[in-house]
Amino acid sequence: VTGRTEDLVEHLSRRYGACWELYEKHSQWSESAETPSARSETIAQEDGIAVRYRDRQSMRFAAARRPDELLRLTDALGGIEASLEPWPALPAGEYPEPAEAGPAPPAEALFSALGQTLARESRGDVRLARLTLRQGLVVDRLRNGAGFAGGRPRPSATAEAVVIGARNDRRLSAHLSFFAGERSPDAIDRAARQLVDRARFPLDGSPPPFSRGELLLDPSVGAALLAAIAPLFVGSVYATLLSRRYLDRLGRFLSSATTIIDDPTVDYPFDGEGTPTRRTVVAESGVFRSRLHDVRSARECGEPPTGHSDRPSYRVPPRAGIGRLRWESAAPTPGEKLLASVRRGLYAAALLSPIRVDFESDRLECDLTGIVVEAGRGRRPVSATTVSSRLSDLLKRIVALGNDRQWFPLPAPIGSPTMLIERATFS
Amino acid sequence: VLDFDPSLASRWIEPFGDAGPADFFAERRRDFAFRLVNGETRDVRLAEEGGMAARATEGDRAVLIASDRSDESAARELFRELARRFSRTNYPKAIAPSVPPRSADTPSSSREFEKTQRRLASLFARIPPLARHTLTIRLAEIERLVAPAGRPPLSSTRRLLSIDGILEIESRSASERRGFSVHLPDAGESALEEIRHLARAAAAPAERPIAPAAGETDILFADGSAAYFFHEALTHPLEADAISSILHPLAGARLAPREIEVLDDPLRLDLFGGYAHDDEGLPARSVRLLDAGQVGGLLRSRAEEKGLRLPGGHGRRTGPMASPRPRSANVVVSPGGASEDEMTRRLKDGLRVGCIVAGSVDPASGEFRLRFARARMIRRGRIVGEVGAGEIAGAIVSSLGAIDPLVGAHAVPCRSLGWCGRDGHFLPVGGAAPLLIVRRLAVRPTETGAGR
């Protein structure tokens, strides 16, 4: 086998029959990091090729930079004894590769624009310490022994800001990741407001004056909640547990105000294994409808694949993942109305650490900062509080969703509006 | 690592060195991984990757050009692009793209992978009273070459073995899930013996734990876990690029008792974070972080030199696609002279924490958190029971001041310290520490992650 992919395809067909899948990834990206005193640029180009195949009745995976290297690795894996596993039914079909979309437009002067907005919003208490912009284009190409051939270009532009908040002799840092493709001044204002909240409330606030109340989640916190609970309905790992512990007799695991939908069709036509993407309703008005599957987890659960095979890198095998996931409501409420409806509770402006969930023991914990809300009005900042709850209870207490959905790179896009949860416990 | 003579890259990078740090870096890496589920090997995978990067700095501007290739033609392209970015003309001539040469076969590595897989599968099958296990095992072989401007190229190879997962222990009352995380800089005979010892300890029968009481508690860090404490409370805040770190203005201040000596020592190659030279081609250098209780030096890469000729030795990269940044390697705490009994009596009342499973710090606020899955409760100098998962929180300055001057006699490696992530970049780190007591840390029970 030479360095040509065609030769490799021929070789794989001869050696493994139809039980192989070849994935190629071409990526080009640039990253610019800016601080008040220095800036750095990275320009990189990376190609990789990976094969998943069935040899000696077990699944194997190898990844390399070139076809000839890849073949050498499959030889190296030949002596490993592994458990028997059937080959999944991979999709067939042809998807001509569309013309490569260019990378997202460069975000010139975002550092100064964000820095100025932060200074204005915080009256000088919060300063931008570092902004990292990453933009590029990934082209995936996929073939398999069942006859699939297709390519998909995916441009992206994300940013990560680090700010320092200062009050008297106290300081702290706060981070925010956001999509940098949005050029509207609104997007910068919104990022700046979220960063100011993250950096200022812990410095200005005091502990919450009550231990129970309503909880109004900022869209960034709602998105993090959805990312944290996603393993419950992605793939096969928690399939049995979801049915056993989280679904009631009517199949409900969320409140009736809540729907969860995953729809990556706007981003790419097929997933990391070639299954066509589609809109999948995970839960509708609180009732569980469908898991998100790749072909392997679908086979394990005896369900059809849903087009949710994720390939975060060419170096690791595909796995079930989210595409473009969002909270939705049949009757969204304007954010101001949600705030006005809170009698006594907290507005959770930001997380102070990642949400911790233990699906087996049905527990959720998260550390938040925000504002005390009484009689529909924000009163004073809360430095930090821990919300601790049975996860199954918390999901059924989501009583309303706003109409102000925002998208966050976590790292797949997750969309969330403001969310209202009743009877939360703070400590 | 490269498909061409590295002295060519040394020659090409040299002219860029007159304006600031400049280097050429190349890597080849093999990652062998599999899952071990109740004795069965699943999801076997082998990935080989590599690449190279040329970096130059001028004033406050740094540029890194990276490629996944390792041939001469691609290297010339890197330097041409670098020269274009800095408006230079001394770039190497373009040559016709060469046919990629076939990489040398490495049958010894293949056999090594097979041997490691067989031995580990057999090892976990023989740990009583281990009923079930789900483990991800990863063996990484990393070869690197660095050619700093004006210096000869240097190369190195590291083998890193990581095991992460859950052990399920059957007892008469119920089954219990316990986290298991071990990171070793080798996969040889002695490493496997150490894994066997750690797995037996992790699976040992223990009383059913109760939740730790919330409030201020004195902590005895055991089994090397004090290294994890210092990794969060000291090394991250002393990284030279830590933004607004609370410790940067406190260099020379005595914050801990005189008896406490803490080094960041990359030269300890028996620990997970060791290396002989850093990823900028400077010799590894141990840095005193706490010298007789006083805050010592910063961990630096060449980016912080700014013409001051400050010592580096801690410039580390996750791979060719990332710029070097100042990062810690191995936290090593100097031993004292106290025995385990003396330390337990000295603690009097508190918790003995043997394994930290996760940690974080905000260098700006100086607050850190450490999570444990299990600990032992000590009352009047005796172990009286087991407690379950909890979180330790503290402020760096006050916690360093609350370290007890009596220190254990033997430093042992902290094998739960492994891949440390900062800003999305993961690097191997390690540590070793003796028994150490820190007074008045805030402890609270956590209801999630009891298994880890």
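Every heavy atom of this structure was used, including side-chain atoms; hydrogens, water molecules and symmetry mates were not.
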Engineer: Have B/T134 and B/R132 got a donor and an acceptor in their side chains that come within less than 3.5 Å?
Structural biologist: no
Engineer: Is it the side chain or the backbone of B/T116 that comes within 4.5 Å of chain A heavy atoms, both, or neither?
Structural biologist: neither
Engineer: I'd like to check the salt bridge (Lys or Arg N to Asp or Glu O under 4.0 Å) partners of A/R299; sequence neighbours left out, ordered by chain and number.
Structural biologist: A/E85
Engineer: Pick one of side chain, backbone, both or neither for A/R390, based on which atoms fall under 4.5 Å of a heavy atom in chain B.
Structural biologist: neither
Engineer: Select, from B/D423, B/I65, B/I243, B/L64, the one with the greatest count of heavy-atom pairs under 4.5 Å involving chain A.
Structural biologist: B/L64
Engineer: Do A/R315 and B/D31 sit within salt-bridge range, that is, some charged N less than 4.0 Å from a carboxylate O?
Structural biologist: no
Engineer: Side chain, backbone, both or neither: which part of B/R369 has a non-hydrogen atom closer than 4.5 Å to chain A?
Structural biologist: side chain
Engineer: Should B/D3 and B/R69 be marked as a side-chain contact (heavy atoms from CB on, under 4.5 Å) after you check the CA-CA gap, both sets of side-chain angles, and the distance that decides it?
Structural biologist: CA-CA 9 Å; B/D3 300 336; B/R69 289 165 60 186; over 6 Å; no
Engineer: Identify which part of A/S173 has an atom lying under 4.5 Å from any heavy atom of chain B, answering side chain, backbone, both or neither.
Structural biologist: both
Engineer: Against chain B, label A/L73 side chain, backbone, both or neither, depending on which of its atoms sit under 4.5 Å from a heavy atom there.
Structural biologist: both
Engineer: Where on A/R127 is there a heavy atom nearer than 4.5 Å to chain B: the side chain, the backbone, both, or neither?
Structural biologist: side chain
Engineer: Taking B/R61, B/E367, B/E81, B/R85 one by one, which has the highest count of heavy-atom pairs under 4.5 Å against chain A?
Structural biologist: B/R61
Engineer: Side chain, backbone, both or neither: which part of A/D367 has a heavy atom under 4.5 Å from chain B?
Structural biologist: side chain
Engineer: Please look at B/E391 and chain A and tell me whether the side chain, the backbone, both or neither of the residue comes under 4.5 angstrom of a heavy atom of that chain.
Structural biologist: side chain
Engineer: Which atoms of B/S70 are under 4.5 Å from chain A, going by heavy atoms: the side chain, the backbone, both sets, or neither?
Structural biologist: both
Engineer: Can you tell if the side chain of B/F32 reaches within under 4.5 Å of the side chain of B/E112, non-hydrogen atoms only?
Structural biologist: no
Engineer: With a 4.5 Å limit on heavy-atom distance, are the side chains of B/R45 and A/V316 in contact?
Structural biologist: yes
Engineer: Salt-bridged, A/D358 to B/R177, with N to O below 4.0 Å?
Structural biologist: no
Engineer: Under 4.5 Å heavy-atom distance to chain B, tell me which part of A/S353 shows up: side chain, backbone, both or neither.
Structural biologist: side chain
Engineer: Roughly how far apart are B/D43 CG and A/R60 CZ, rounded to 0.5 Å?
Structural biologist: 11.5 Å
Engineer: Which one of A/V162, A/T132, A/T386, A/L70 has the most heavy-atom pairs closer than 4.5 Å to chain B?
Structural biologist: A/T386
Engineer: Identify whether the distance between the nearest side-chain nitrogen and carboxylate oxygen of B/R80 and B/E77 falls below 4.0 Å.
Structural biologist: no
Engineer: So for B/F34, is it side chain, backbone, both, or neither that comes closer than 4.5 Å to the heavy atoms of chain A?
Structural biologist: neither
Engineer: Could you look at B/Q117 and say if it's the side chain, the backbone, both or neither that has a heavy atom under 4.5 Å from chain A?
Structural biologist: side chain
Engineer: Under 4.0 Å between a Lys/Arg side-chain N and an Asp/Glu carboxylate O for A/E160 and A/R134?
Structural biologist: no
Engineer: Picking from A/A129, A/A62, A/G79, which has the most non-hydrogen pairs under 4.5 angstrom with chain B?
Structural biologist: A/G79
Engineer: Specify which of B/I246, B/L78, B/V63 makes the most heavy-atom pairs with chain A at under 4.5 Å.
Structural biologist: B/V63
Engineer: Got a salt bridge between B/R422 and B/E239, using NZ or NE/NH1/NH2 to carboxylate O under 4.0 Å?
Structural biologist: yes
Engineer: Can you tell whether the side chains of B/R317 and B/D23 come within less than 4.0 Å, N to carboxylate O?
Structural biologist: yes
Engineer: Go through B/V37, B/V44, B/T57 and name the one with the most non-hydrogen pairs under 4.5 angstrom from chain A.
Structural biologist: B/V44
Engineer: Which bit of A/F359 is near chain B, if near means a heavy-atom gap under 4.5 Å: side chain, backbone, both or neither?
Structural biologist: neither
